[in-house]
Undergrad: 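Sharing a structure here in structure tokens format.
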Amino acid sequence: MREVGFVVGRTSTKWVTVRLEEEVLINDLVLVGDELLGVVRGVSYANPTMSPYSPFTPTNVEAVRAYEYLNASVELYGSLVSGRFDPRVLTATPTGTPVYKVEKGDLENLRFIEDPIFIGEHPSSGWPLPLDPRAVDYHIAVVGSTGSGKSHLVRILVRELVKVGRKVVIFDHTGADYAPFFKEETVPDTDVFPDMLSLAEVMANKVLGKEYLDDVEVALYAYLYSEGDVGKAREFMESLGFGNGQFDMSTILELRDKSPMGIGWDDESFIAILRLVMGYLKRREHTVAKSLFRLVKSGISLGSFNGRRYGIDDLVDLILNRDLTVLDISSETLPIRYGIMRGVVSGLMERAERSGERLDVAIVVDEAQVYARGQPPTEALSDVARRGRKWGIGLILVSQRWVSDLDMNIRANINSVVFSSLQSSSDLEDIGKVVSLGSIDIGVLGTGDFYITGLLSPFRRPILVHTFGEYHE
Ligand SMILES: Nc1ncnc2c1ncn2[C@@H]1O[C@H](COP(=O)(O)OP(=O)(O)OP(=O)(O)O)[C@@H](O)[C@H]1O
Ligand SMILES: [Mg+2]
């Protein structure tokens, strides 16, 4: 610790002005007296003889320089009382109190957080910043422009969370940000059997047109029931009351326990069954012909789903039985990825509610703009944002922008934000609606520099961190 100046002017419990005898920089940590910890938020020169309102013009600029002084404004973050940090300042500081700059090693033995985790150091003091892992229950957003180091930060964060006993599932949108770093823990989407609704959405949205979603979905159920046998599929439709049939409850009940992974999928049989179903649904002949042709031409093959290892429920089991699971969702079409995410996220919530126990799992969604606003998984993610805390299910959402990438209901429930330079200045303002921002300057951040604020921060207020370059256990 090095003395850098003393308190002057009017002080408060939030701010003090420091007359500097030695240089400090923005974001430096300082100790005011023996107890108060603060952060330098601004530095300014003043000189009474050089006031813009002074009528006198100095003839010898060098001589009046002697009157120049340097002030720092310091935001007070809390008190250090008997080795512990308390994020409150209860009384003002007298003028003349000495101020010290925090240097390496000064804060290491003080208690800020019980069982903390670490993702980087405060830059000028080299202090490994203790963070609160419990903040993940209250959801975390990581935002910053491209290349600011978000994915790198999240890789460190998840390792730390696993170390303190959290289960983590990562949805890797690109397949390049996590899968190569956690090879053993990665499940590719090509190993996952999607849910029936997502399959129907792929075929309807991509090929036939949205208005045929019902036809495709019913055809998939008819296929599931009949295992591809057209005669049995006809029985299925009749038993639902189509054609001349009588409604028969047992058919639909039989379907309840049937897994799509347990049967063989054959493209030609499916086309025949879709043809049959569209007939029962009274589609016009030319519509049927067009649809079948488009489906054949699209190259979408149900046969490619044969032999996949995991259903959505199996994935939920896997996640809950492992420390870390990376779902590489970079290969399949978007509707299938949406289906996997929606299924897994809502599956985890259902599992918790059924068991009545906390799951202690964190769900990481990188490139969240693709999923967390106005898309099929958005509702499931919002639900976790609103109610996940009770079950120990936390979100870590990663994207370049705040307002435009994340649904309003999700943003309102995020209690920690880790942010770097932003593309849009209105984002910063809006982040200030859910967490404390103080008066920070984000114009000067480089790769790996992030402000951490909210429950994750030991101060509940923004503190600058530079992420570790390489991860050390
Ligand atoms: N603290 C650090 N020290 C050294 N290199 C870093 C650090 N943080 C990030 N990097 C490097 O910077 C590059 C960009 O990081 P990263 O991919 O995490 O950015 P990003 O914010 O996720 O970008 P995008 O929005 O495009 O996904 C990577 O090569 C990464 O290894
Ligand atoms: Mg990234």
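Counting convention: from 1, in listed order, for ligands and their atoms alike.
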Undergrad: Could you tell me whether the side chains of Ser382 and Asn409 share a donor-acceptor contact shorter than 3.5 Å?
TA: no
Undergrad: Report yes or no: does Ser12 contribute a side-chain atom to a donor-acceptor pair with the main-chain N or O of Ala92 at less than 3.5 Å?
TA: no
Undergrad: Could you tell me the residue and atom name of the protein heavy atom closest to atom 17 (O) of ligand 1, and the distance to it rounded to 0.1 Å?
TA: Ser151 CB, 4.3 Å
Undergrad: Counting each atom of ligand 1 from 1 as listed, which ones have a heavy atom of His466 under 4.0 Å away?
TA: 1 (N)
Undergrad: So is Gly144 touching ligand 1 or not, going by heavy atoms under 4.0 Å?
TA: no
Undergrad: Determine whether the aromatic ring centres of Phe118 and Trp127 lie less than 6.0 Å apart.
TA: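 Ring centres of Trp127 and Phe118 not closer than 6.0 Å.
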Undergrad: Please tell me whether Phe450 and Phe419 form a close aromatic pair, meaning their ring centres lie under 6.0 Å apart.
TA: no
Undergrad: Determine, counting only non-hydrogen atoms of the protein, whether one lies under 4.0 angstrom from atom 5 (N) of ligand 1.
TA: no
Undergrad: Just let me know how Thr447 lines up against ligand 1, side chain, backbone, both or neither, with a heavy-atom cut-off below 4.0 Å.
TA: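 The answer is the side chain.
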Undergrad: Does any N or O atom in His152 lie less than 3.5 angstrom from one in ligand 1, N or O only?
TA: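 Right, the criterion is met.
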Undergrad: Could you verify whether a donor N or O on one side chain and an acceptor N or O on the other, from Asn27 and Tyr451, lie under 3.5 Å apart?
TA: yes
Undergrad: Taking distance alone, with no angle check, do Gly149 and ligand 1 share an N/O pair under 3.5 Å?
TA: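 By distance alone, the answer is yes.
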Undergrad: Any chance the side chains of Arg19 and Asn71 put a donor and an acceptor closer than 3.5 Å?
TA: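 Distance-only check passes for Arg19 and Asn71.
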Undergrad: Give me the nearest non-hydrogen protein atom to atom 23 (O) of ligand 1 as residue plus atom name, then the distance to 0.1 Å.
TA: Gly147 N, 2.9 Å
Undergrad: Looking only at protein heavy atoms, identify the closest one to atom 25 (O) of ligand 1 and say how far it is in Å.
TA: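 Result: Lys150 NZ, 2.6 Å.
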Undergrad: For the residue pair Asp366 / Tyr178, report whether a side-chain donor-acceptor contact shorter than 3.5 Å exists.
TA: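 Distance-only check passes for Tyr178 and Asp366.
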Undergrad: Looking at Phe193, I'd like to know if the NZ or CZ of Arg308 sits under 6.0 Å from its six-membered ring centre while staying within 45 degrees of the ring's axis.
TA: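 The answer is no; the distance or angle limit is not met.
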Undergrad: When you measure from atom 26 (O) of ligand 1 to every protein heavy atom, which one gives the shortest distance, and what is it?
TA: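 The answer is Thr146 OG1, 2.6 Å.
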Undergrad: If you scan the protein for heavy atoms around atom 15 (O) of ligand 1, do you find one that is closer than 4.0 Å?
TA: yes
Undergrad: For ligand 1, find out whether one of its N or O atoms is nearer than 3.5 Å to an N or O atom of Thr467.
TA: yes
Undergrad: Is there a donor-acceptor pair under 3.5 Å between the side chain of Lys104 and the backbone N or O of Gly126?
TA: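 A pair under 3.5 Å: yes.
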Undergrad: Could you verify whether a donor N or O on one side chain and an acceptor N or O on the other, from Ser124 and Asp28, lie under 3.5 Å apart?
TA: yes
Undergrad: In terms of side-chain heavy atoms, does Gln369 have a donor or acceptor partner in Gln400 at a distance below 3.5 Å?
TA: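 Gln369 vs Gln400: no donor-acceptor pair found between side chains.
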Undergrad: For Asn306 and Trp265, which I'm curious about, is there any donor-acceptor pair between the side chains at under 3.5 Å?
TA: no
Undergrad: Give the residue, atom name and distance (to 0.1 Å) of the protein heavy atom nearest atom 3 (N) of ligand 1.
TA: Gly469 CA, 3.6 Å
Undergrad: Check the side chains of Thr174 and Ser330 for a donor-acceptor pair under 3.5 angstrom, ignoring hydrogens and angles.
TA: no
Undergrad: Ignoring hydrogens, tell whether any protein atom lies closer than 4.0 Å to atom 28 (C) of ligand 1; use the non-hydrogen atoms only.
TA: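 False for atom 28 (C) of ligand 1.
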Undergrad: Around the Mg ion (ligand 2), how many protein N, O or S atoms are closer than 2.8 Å?
TA: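 Excluding waters, the total comes to 1.
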